[in-house]
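For reference, the structure is listed below as structure tokens.
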Amino acid sequence: MASRFNPLKADAAWQKAWDDNRTFAARDDSPKPKSFVLEMFPYPSGRIHMGHVRNYTMGDVLARYRRMTGHEVLHPMGWDAFGMPAENAAMERKVHPGSWTRANIATMKAQLKRLGFALDWTREIATCEPDYYGHEQALFLDLLEAGLVYRKESAVNWDPVDMTVLANEQVIDGRGWRSGALVERKKLSQWFLKITQFADELLDGVRGLEHWPDKVKLMQENWIGKSEGLQFRFKLSDGGEVEVFTTRPDTMFGSSFVAVAADHPIAQSLATDNPEVQAFIERCKQGGTTAAELETQEKLGFDTGIRATHPLDASWELPVYIANFVLMDYGTGAVFGVPAHDQRDFEFATKYQLPIRRVVSEGSQTAPEFHGTEAYTGPGTIVNSHFLDGLDIADAKREVIRRAEAGGWGTGTTVWRLRDWGVSRQRYWGTPIPIIHCESCGPVGVPKDQLPVVLPEDVSFDIPGNPLDRHPTWKQVDCPKCGSPARRETDTLDTFVDSSWYFLRFASQPSDQPFDKAVAEQWLPVGQYIGGVEHAILHLLYARFFTRALQHIGKIDVAEPFAGLFTQGMVTHETYKSLDGRWLSPEEIRKDSAGAVEIASGDIVTLGRIEKMSKSKKNTVDPEPIVDQYGADAVRWFMLSDSPPERDLEWSENGIEGAWRFVQRLWRLFDGLEDAQGEDKDLDRRLHRTIAGVAEDIDALTFNKAVAKLYELTNAIERAQPSASRNTAIRTLVRVVAPMVPHIAEQAWAEMGGEGLIADAPWPEVDPALLVDDEVTIAVQVNGKLRDTLVMPKGAPKDQVEAAALGAEKIVRALEGNAPRKVIVVPDRLVNIVA
RNA sequence: GCGGACGUGGCGGAAUGGUAGACGCCGGGGACUUAAAAUCCCCUGCCAUUCGGGGCGUGCGGGUUCGAGUCCCGCCGUCCGUACCA
């Protein structure tokens with residue numbers, strides 16, 4: 001045996017062995033229990049980064065462990081390959097988005113392979129290939145047929161220079177992020193998916209997901225934003241009506257004004273012949289939408305002079321304002337104000353000297369006069385409200401809704417924050433929407449036997465706009481219904497559609513349909529899904545919706561695609577700044593005892609915050625040279641060490657060095673195996689405790705704890721005298737570390753004469769008898785302070801433990817002759833003497 | 001503002017209400033070596049110490065308990081999400 005583990009040789013050899021044996025190809029027909037382990041598939045941006053390495057290492061440990069515990073594991077990998085960066089690259093470097101993307105995939109696939117991930121590459125998919133997006137087009141048509149897709153005019157952010165639609169995130173201070181041009185609101189006909197039809201289901205469903213982080217569940221709940229209340233009409237003094245929505249119908253008798261949004265029809269119609277109203281509306285539109293601005297922005301109102309009649313008291317009139325804080329796209333775009341019990345209304349009423357009337361008791365305060373400095377929104381009894389007096393808030397709500405419905409002036413309603421999902425994108429590098437627009441037939445779905453609608457290759461990116469739209473022939477087709485000349489839809493689908501069903505395609509990929517129902521159902525739901533928390537809302541909500549929509553149309557009998565979700569932390573690194581404020585990369589600086597200096601200039605470098613690795617801050621560390629230097633196992637081990645997986649992990653030179661040292665320590669143990677006799681009961685126990693503990697930790701994804709336990713076992717083995725027990729411990733250790741450091745484990749397994757590949761070996765069995773000690777250390781406290789410890793046989797009777805504790809020399813001294821007043825004995829743990 | 005998470009040595013972090021600081025990193029001392037690297041051994045929360053042991057310690061202030069890092073109440077701070085949601 002070699003004296004040192006050489007990852008350069010071993011990594012490649014074992015990766016080849018796994019490939020040659022198709023070790024990680026999942027078998028649909030396996031009789032074993034199935035386990036679907038999935039990490040969010042990457043966007044092929046060019047190179048793997050440390051975030052990928054951490055994410056895929058975690059999933060890999062779980063996948064390998066599941067295999068060892070007798071599961072048939074599906075652990076696939078693919079590419080979320082459509083999207084803007086490819087088009088940007090096309091514009092900047094004159095490369096076709098397809099060749100750019102495919103080259104990136106090739107690079108990144110090779111990089112992933114070097115990390116030795118137990119991936120089923122036979123199921124690799126790239127969303128930019130027709131044999132993926134063609135099936136997506138079929139699903140789109142199915143949803144269209146089922147009425148879950150519709151077309152609607154909708155306002156978008158339009159960049160007039162790049163001639164493209166921008167996502168909200170791409171609009172910075174009202175300007176396009178690339179062109180810098182002022183962004184316009186433009187109305188376009190767009191395709192929408194009816195996610196709102198599933199709002200209730202999605203809300204109920206997310207609450208039932210036991211193995212999701214509460215944080216993500218809460219974010220989704222807030223995003224869906226269910227509000228139950230009353231929608232009702234006010235009659236107006238100008239003969240019209242205004243519809244408002246409230247979640248607090250119980251406070252009807254506390255209202256003192258009605259307010260409508262600046263773009264509400266009432267405001268708009270007043271503006272046509274009233275310059276004052278026009279000016280006010282203009283003023284509302286100014287003012288930013290950033291957090292800071294909104295917080296400080298004043299509540300502004302304009303009294304229209306119109307009066308609204310209170311629906312429960314015809315003699316009561318309320319002024320109608322136009323107000324800057326009312327949003328047209330939520331509820332009805334109009335509200336009624338109850339200043340005493342809503343903070344926003346309170347501020348408005350204070351400013352415009354409107355009545356503030358208490359209608360909910362606050363402790364003993366029940367008088368209508370309200371003297372607080374802020375609105376009271378807590379619980380209480382309804383007061384000063386005629387027939388509602390004495391009811392609690394919930395009952396009063398029900399009563400008002402009942403009367404509104406009986407009287408025909410309002411209805412109990414649920415309002416959602418969630419909007420339907422607009423999926424049209426005016427871009428080239430996406431799934432073509434399989435629709436043909438015909439002058440006489442309207443939009444017609446492309447017949448399924450003509451799918452896929454393939455992106456044309458001969459496109460140019462030298463001028464702005466959508467290359468599909470200006471392609472000379474691509475959009476010219478005949479209507480599939482009537483045969484007359486028609487126009488192909490030139491919009492493509494939002495890339496979030498691509499990632500909304502890829503897990504189904506991983507589970508089953510027949511050529512003639514998107515997936516086979518029965519086969520996919522064997523694998524789904526994904527048992528453990530792992531990815532970044534940045535996808536907590538959009539991707540995870542869209543994928544959940546898409547699965548439910550497919551269930552709705554009978555394509556699959558699964559409601560929730562991801563049974564378990566884990567959101568891992570980021571990989572971070574120190575940042576460095578030069579004297580003149582430039583970001584510096586780790587390679588550009590040198591650290592010494594005095595601090596850090598810039599190598600090129602010798603100038604002092606400022607150490608910045610520890611931040612997520614990003615190109616803009618130049619604090620990235622490319623994984624590939626690190627793998628070259630230390631091998632895959634050390635990199636994997638470091639990714640699992642120290643930081644709890646949900647928290648950020650700081651990349652450090654010392655950390656990877658430590659991981660490298662550990663890999664070599666393992667090798668010395670494996671390599672130094674020699675015949676020895678005799679039993680070492682302590683080591684036996686420690687081994688079995690470690691097997692059980694590491695198993696538990698991997699199941700719970702608390703890899704940092706598993707790592708600590710493995711260090712402890714390794715320390716113990718190193719210190720132990722030669723014995724048969726020690727040899728067993730070393731042989732067993734190989735299997736226990738195998739999911740984390742698979743290459744060295746295979747090498748050791750082979751050299752120890754293990755059968756087959758360790759990737760196929762079973763997880764070592766735990767002997768329950770060895771999990772319990774015969775002796776325990778019992779802490780002895782006096783008045784809660786530790787004074788001594790006793791070693792006692794496990795399960796020693798209470799009185800015996802108490803006697804031993806009271807007899808101990810240190811305890812006698814600590815008691816200073818005082819008689820114990822009380823003695824608490826916790827079996828096998830501690831004795832506390834109260835003196 | 002609202003919602004959430006978190007706050008433990010020089011650092012990353014362990015700890016079913018029961019011996020706080022496991023494990024790793026950094027640091028110090030020693031062994032091996034001509035020397036270095038590698039490796040191995042010892043020390044390493046703070047304070048004072050007669051070297052037996054002692055006092056103080058989990059953001060701050062209270063409380064519950066025989067016993068609180070852990071539970072409860074009130075503050076302070078950091079990070080994340082969200083944005084006038086009626």
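Below, chain A is the first sequence line, B the second, and so on; all start at residue 1.
RNA chain B is contacted by both A/Val533 and A/Leu327; A/Val533 maps to the nucleotide lying nearer its 5′ end (nearest heavy atom per residue).
Classification of B/G27 as anti follows from a glycosidic angle more than 90° from 0. In this structure B/G17 sits in the anti conformation; its chi angle is more than 90° from 0.
Counting to the nearest Å, the P atom of B/C84 and the CD atom of A/Gln343 are 16 Å from each other. Put simply, CG on A/Leu541 is 15 Å from C1' on B/G81, counting in whole angstrom units. Taking atom CZ of A/Phe638 as the reference point, atom P of B/C11 lies 17 Å away to the nearest angstrom. The distance from atom CD of A/Glu574 to atom C1' of B/G12 is 13 Å, rounded to the nearest whole Å. With rounding to whole Å, A/Asp214 atom CG is found 8 Å from B/A5 atom P. One atom, CZ of A/Arg283, and another, P of B/C84, lie 19 Å apart when rounded to the nearest Å. Between the CZ atom of A/Phe348 and the C1' atom of B/G1 there is a distance of 19 Å, rounded to whole Å. Residue A/Glu243 contributes atom CD, which lies 14 Å from atom C1' of B/A86 at whole-angstrom precision.
Nearest to the side chain of A/Arg647, among B/G81, B/A14, B/G67, sits B/A14. Ranking B/G53, B/G81, B/A83 by closeness to the A/Met219 side chain, first place goes to B/G81. Closest approach to the A/Arg787 side chain among B/G54, B/G3, B/C84 is made by B/G54 (side chain taken as heavy atoms from C-beta onward). Here the nucleotide nearest the side chain of A/Phe325, chosen from B/C84, B/G12, B/U82, is B/C84. For A/Pro644, the side-chain atoms get nearest to B/G13 when compared with the rest of B/G13, B/C40, B/G53.
Taking atom C1' on both nucleotides, B/U49 is separated from B/G13 by 31 Å, rounded to a whole Å. Using atom P as the reference point in both B/G9 and B/G61, the two lie 15 Å apart (nearest Å). B/U34 sits 42 Å from B/G21 when the P atoms are compared, rounded to a whole Å. A gap of 16 Å separates the P atoms of B/C71 and B/G4, to the nearest Å. Comparing the same atom, C1', in B/G7 and in B/G12 gives a spacing of 15 Å after rounding to whole Å. Taking atom C1' on both nucleotides, B/G74 is separated from B/G53 by 39 Å, rounded to a whole Å. When the C1' atom is compared between B/A31 and B/A36, the two are found 15 Å apart, to the nearest whole Å. Nucleotides B/A22 and B/U16 place their P atoms 15 Å apart, quoted to the nearest Å.
Within the shown strands, B/G30 is the pairing partner of B/C40 under the Watson-Crick or G-U definition, both distances less than 3.5 Å. A 3.5 Å limit on both hydrogen-bonding distances identifies B/U82 as the Watson-Crick or G-U partner of B/G1. The partner of B/C23 is B/G12, by the rule that a Watson-Crick or G-U pair needs both atom distances under 3.5 Å. Look at B/G45: its Watson-Crick or wobble partner, with both distances under 3.5 angstrom, is B/C56. Using Watson-Crick or G-U wobble geometry with both donor-acceptor distances under 3.5 Å, B/C6 finds its partner in B/G77.
Residue A/Lys810 has no polar side-chain atom (N or O) positioned under 4.0 Å from OP1 or OP2 of B/G52. Between A/Ser227 and the phosphate of B/A86, there is a side-chain N or O to OP1/OP2 separation shorter than 4.0 Å.
Minimum heavy-atom separation, A/Pro739 to A/Arg636: O-NH2, 3.0 Å.
The 12-atom threshold is exceeded at NZ of A/Lys217, counting heavy atoms of other residues, nucleotides or ligands nearer than 6.0 Å.
Using cut-offs of 30° and 60° for the angle between ring planes, the A/Phe5 and A/Trp667 rings count as tilted. Between A/Tyr352 and A/Phe348, the two ring planes are tilted [angle within 30° to 60°]. Aromatic ring pairs are classed by plane angle as parallel below 30°, tilted from 30° to 60° and perpendicular above 60°; the pair A/Tyr711 and A/Trp637 is perpendicular. Between A/Phe257 and A/Tyr321, the ring planes lie perpendicular to each other; the angle is over 60°, past the 30° to 60° tilted range.
No N or O donor and acceptor, one from the side chain of A/Arg248 and one from the base of B/A86, sit under 3.5 Å apart.
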With the criterion being N/O to N/O and under 3.5 Å, what pairs connect the protein with nucleotides 19-27 of chain B, and how long is each?
from: B/A22; atom 1: O2'; to: A/Glu712; atom 2: OE2; distance (Å): 3.0
from: B/G24; atom 1: OP1; to: A/Asn715; atom 2: ND2; distance (Å): 3.4
from: B/C25; atom 1: OP1; to: A/Arg661; atom 2: NH2; distance (Å): 2.8

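The side-chain heavy atoms of A/Pro722 and A/Glu674, taken from C-beta on, include no pair separated by under 4.5 Å.
Of the charged side-chain nitrogens involved, at least one lies within less than 4.0 Å of a carboxylate oxygen, so that A/Arg689 and A/Asp773 count as a salt-bridged pair.
Checked against the 6.0 Å centroid threshold, A/Phe232 and A/Phe336 count as a close aromatic pair. The distance between the ring centers of A/Phe638 and A/Tyr630 does not fall below 6.0 angstrom.
When heavy atoms are screened at a 4.0 angstrom cut-off, A/Val326 is found touching base atoms of the nucleic acid. Among the heavy atoms of the strands lying under 4.0 Å from A/Val834 are primed sugar atoms or P, OP1, OP2 only; no base atom is included.
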